[in-house]
Amino acid sequence: MAVKVLIVEDNPVARSFLCRVVRESFSDTLTITEAGDLESARRQINLTGGAQGLHGVDPFRLVLVDLELPDGNGMELLAELSQYPATKIVTTLYSDDDHLFPALQRGADGYLLKEDRFEVLVEELQKIVRGQPPLSPAIARRLLNHFRDSQRGELPDSGFSRPAELMTSRPVPIEKTPDHERLTPRENEVLTYLSKGFTIKEIANLMGIKWFTVNDHIKSIYKKLNVSSRAEAAVLATKQGLV
Amino acid sequence: MSIARDAGLTPASALASDSAATHEATSGFANTGIDSSLLTSSFDSDSRGLVAGRWLGWRRRALVVLALLGCVGLFTLLRTLSASPHIDAGWRTNANGQMVLDSAGDSTLRAHIGETLVGVVLPDGRVLPPDVLLARRSPRWVIDDLQRSQQLANGAAYSAALRDGSVHLKLAESATPVEVRTLTRGYAGLGSVFWLMTALALVFYLTGAVVVLVEPDERNLLFGLTALAQTTHLLLIGLDTLPGFDFPARLAHLDLWLRVSSDVITGAASVHALSVYPRRLPFQGLIAVTSWAVGIGFIVTVAFNPIPRLWWWVQGLQLSYFAVGWLLLVWSYRLTPHPMAIVMRRLSLAVLGILLLLTLTVALSQGNADVQRFAAGPGSLIWYVFQASALMLVPFLSRSQQVMREFTLLAGISAVATSLDLLFVAVMPMSQFTSHTLALFLALGLYAGARQWMLNLLMGSNMLTTERMFEGLYRTAREIETTGGDHTEHFARLLGELFEPLELGHTTRSSPGARVLGDGSTMMVPLPRLPGVPDELQPRGSLVLRFARRGRRMFTREDARLTDRVLEQMVRAVAFDRAVEQGRNEERARIAQDLHDDIGARLLTLMYKAQSPEMEDYVRHTLQDLKTLTRGLAASSHLLSHASAEWKADIAQRLDAAHCELDWSFEFDRDINLSVVQWSALTRMLRELINNVIVHAHAARVTVSAHYESGRFTLQVSDDGAGRRPDTWAHGLGLGGIRKRVKLLGGEVHWRENGPRGIRCDIRVPELGERA
């Protein structure tokens with residue numbers, strides 16, 4: 001069965017370029033659906049069973065979303081798709097944390113910078129799908145602040161004295177940790193190095209771990225960010241009587 | 001009334017120059033020289049007067065009792081006066097200076113209207129001429145002893161003549177004396193001036209009572225005593241102004257003694273009070289005891305034996321008391337520069353001067369009966385009113401009761417003018433008109449000068465000009481805007497410049513507005529809340545300023561109001577600055593957004609459609625430059641550490657894609673805020689250099705090392721690529737751009753061959769300052 005991909009991008013030239021990138025990246029048989037704005041993107045998603053509820057039998061497996069769209073911001077779509085089982089990637093010109101961080105909070109699994117070279121884009125896309133999302137120093141800094149703040153708010157004495165088995169490299173299953181907003185000391189360390197501009201290889205050397213372990217940490221951080229922001233939103237919604 | 005007790009404050013004499021002084025004063029907040037107990041005591045005693053609740057209790061009851069006592073006393077006096085016998089007739093003076101009967105209530109007398117009075121016939125047959133009777137002025141101001149006893153005797157004789165119920169008047173036109181029945185005077189017959197003086201006396205009495213009751217201590221009791229003496233004076237002056245010839249006989253004997261006692265008590269109490277306030281002087285007990293011993297001794301002597309040359313003695317004693325008081329104030333100021341000492345010193349000098357002038361006038365006019373009568377009558381009256389009002393002013397000096405101040409000034413100037421007028425007439429052969437005019441002009445000039453002098457006294461002679469104040473305000477607002485952390489220091493500096501206090505400290509106490517404490521020696525200014533400053537950085541508590549203008553000036557309520565307003569303006573200026581800054585940022589962000597969205601999208605399309613890889617790269621660089629530009633626009637500043645992390649990550653990624661190794665080292669001794677210009681210049685320089693390495697040199701290894709040390713920035717980028725002989729390079733867009741940006745930062749750039757292979761680029765920026 002062909003893998004379904006959705007590309008939401010208003011610029012037709014960029015759209016076909018991204019199509020090429022996607023086709024180059026994967027060896028599977030692909031069915032690429034293109035959408036020029038949020039509305040048609042929503043339509044396409046509804047055809048496959050809708051953003052919430054049951055996603056039908058054959059949902060999109062990969063969604064590329066541009067942030068600047070004629071009828072709104074790609075961030076809206078990301079928020080709607082927070083329960084959707086696809087890998088969601090933001091494609092944008094904006095590389096600054098002010099734009100990317102909210103996208104990551106809304107459940108994006110990674111981001112691609114549209115001005116990058118074709119080969120670079122292919123490589124990055126493959127990495128994201130494999131679970132090695134990029135993390136720039138600025139975003140790492142934002143993440144550190146984000147988790148530090150929520151930690152400070154929740155627990156006055158930080159969670160650094162947690163049991164040893166929870167400090168392993170594997171991401172901790174969310175159901176088992178009531179406080180999903182906390183980073184493990186290792187994750188914290190990885191983030192700190194990233195914020196100082198170290199590459200993943202360098203961090204692996206510095207921490208004495210394998211580079212894919214570093215990647216696992218990054219992935220876990222991504223998840224925690226998304227979960228924590230979803231939890232925040234839920235709390236907010238309850239407070240406002242929306243739920 | 002609250003006066004800070006002497007706490008052995010040592011003025012910070014080390015504070016030499018203004019700026020150094022303020023700095024020193026502000027930096028030492030934690031252990032400032034201000035005695036906290038003193039602050040507390042003055043704060044508390046001040047609030048005692050202000051908090052109405054504390055007034056309930058014994059103070060109010062005591063005040064009511066005292067007021068009732070005063071009223072009862074006054075009523076008794078009024079009753080006595082209204083019951084005294086009185087000839088019901090009106091007189092006028094004709095061209096020859098003789099008394100002519102103008103109106104009469106008595107029917108016998110009415111027949112004689114228009115006739116000239118020769119005198120009053122006494123039971124023993126003597127005739128008292130009207131001018132003797134009219135010289136009813138206080139015996140206190142009669143210089144000649146003989147004359148004084150004569151006057152007292154005449155008064156007694158006249159009173160005796162009236163006591164029988166009828167009196168014989170000798171009129172020029174009638175052969176036999178006319179017998180007139182006397183009537184009781186009644187309340188209506190007391191005259192308007194008398195009522196005025198009585199009211200004034202009552203006000204004085206109550207003021208004295210209030211001051212004593214607020215805080216019944218040594219100083220305030222002394223004030224109460226002087227107020228009582230002045231009350232007596234005013235009442236006696238009121239008695240002088242009763243219309244007609246009559247004077248209550250019983251009071252006539254007391255009059256002299258009462259006046260002398262009041263004068264002496266005022267003097268002695270002043271000396272005593274000045275030995276305690278503004279600060280307790282050394283040998284204070286000795287001074288007080290001596291002054292009271294002299295005064296009481298004198299009063300007792302006067303009461304029992306007539307002293308020859310009494311007037312001279314009293315004047316001499318009074319003058320010496322004031323002179324001693326002045327000396328005490330001079331001494332006190334040397335010991336502690338309390339601004340109150342200066343103000344009171346000047347006030348006492350004015351009192352001394354005016355008394356001296358009046359004494360001189362009366363003494364010199366001894367031969368001239370008319371002048372002397374006037375000098376001793378209205379002249380002394382004005383003097384007493386001045387003395388009383390000056391005394392009343394003292395407790396309220398720092399409260400700056402403007403009406404009171406002006407009144408005292410006016411009374412003082414009137415006393416001076418009258419004295420001068422009389423002096424001219426008595427000493428120089430001048431006509432009345434000339435002397436009046438001259439005295440008036442002199443008085444006016446004096447008033448204009450003295451008013452300014454008095455205001456300067458309180459406001460400070462060289463108060464900061466408005467211009468400098470604005471400058472200070474603006475600068476402080478900017479400082480608050482640009483620097484973070486604690487803003488207390490900025491406020492302290494502003495207030496320091498405004499008032500030049502000897503001491504400037506900080507206290508955790510707070511109040512709704514600026515307040516003057518310690519009788520104008522101290523001002524407490526609560527620090528305002530600044531807009532847009534997080535709660536934990538808000539300045540807290542109050543600043544305490546002591547001894548304005550290095551102790552030469554006192555704080556007034558106007559100062560407190562001015563300070564409040566200055567701080568309010570300050571907060572507004574900061575808020576305005578914030579708003580402007582925010583608007584600017586929003587505008588920049590909007591421009592950045594537009595550039596990014598429109599031009600960026602077009603460049604992207606252009607890049608995808610590029611015909612050749614070179615073209616594609618060229619457009620990609622343009623796009624990256626645009627992004628750098630818009631990011632620079634959107635953010636106002638970048639920390640060096642953050643920027644270096646991003647450079648590192650960016651370069652590492654790009655070199656990784658080009659399969660090139662990176663050696664990166666970036667050291668800085670402190671983190672600075674790069675301006676947008678610096679950030680974008682460095683970012684683009686680095687990108688261009690790395691780009692050259694990737695595109696042209698095809699190097700396998702690149703070393704980037706940067707140092708930032710005490711403002712000096714150096715950057716080296718070296719590779720092991722194919723590039724050689726940099727002097728032969730054509731300086732296209734890339735290299736030219738680097739040169740331009742290095743020059744923009746004020747530095748220099750050199751390319752040279754790097755050992756056997758590759759190129760090394762050196763960039764040196766001697767001064768990469770913050771916000772350069």
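Just so we're on the same page: letters track the sequence lines, and every chain starts at 1.
Heavy atoms of D617(B) lying under 4.5 Å from chain A belong exclusively to its side chain. For a residue to count as touching a neighbouring chain, one of its non-hydrogen atoms must lie under 4.5 Å from one of that chain's; by this rule S195(A) touches chain B with the backbone only. In this structure, chain B has no heavy atom under 4.5 Å from any part of E119(A).
Between E646(B) and R141(A) there is a salt bridge, since at least one side-chain N of the basic residue sits less than 4.0 Å from a carboxylate O of the acidic one. Ionic pairing of D762(B) and R764(B) is not present here: no N-O contact between side-chain nitrogen and carboxylate oxygen is shorter than 4.0 angstrom. Under a 4.0 Å N-O distance rule, the pair E688(B)/R684(B) does not qualify as a salt bridge.
Side chain of R15(A) to main chain of E9(A): a donor-acceptor pair is present (N/O by atom type, distance under 3.5 Å, no hydrogens or angles).
Of the listed residues (N692(B), D650(B), D625(B)), just one forms a side-chain hydrogen bond (donor to acceptor under 3.5 Å, both in side chains) with R687(B), and that residue is D625(B).
Comparing E123(A), K196(A), K201(A), K114(A) by heavy-atom pairs within less than 4.5 Å of chain B, the highest count is held by K114(A). Ranked by heavy-atom pairs under 4.5 Å with chain B, the first of L93(A), V120(A), T199(A) is L93(A).
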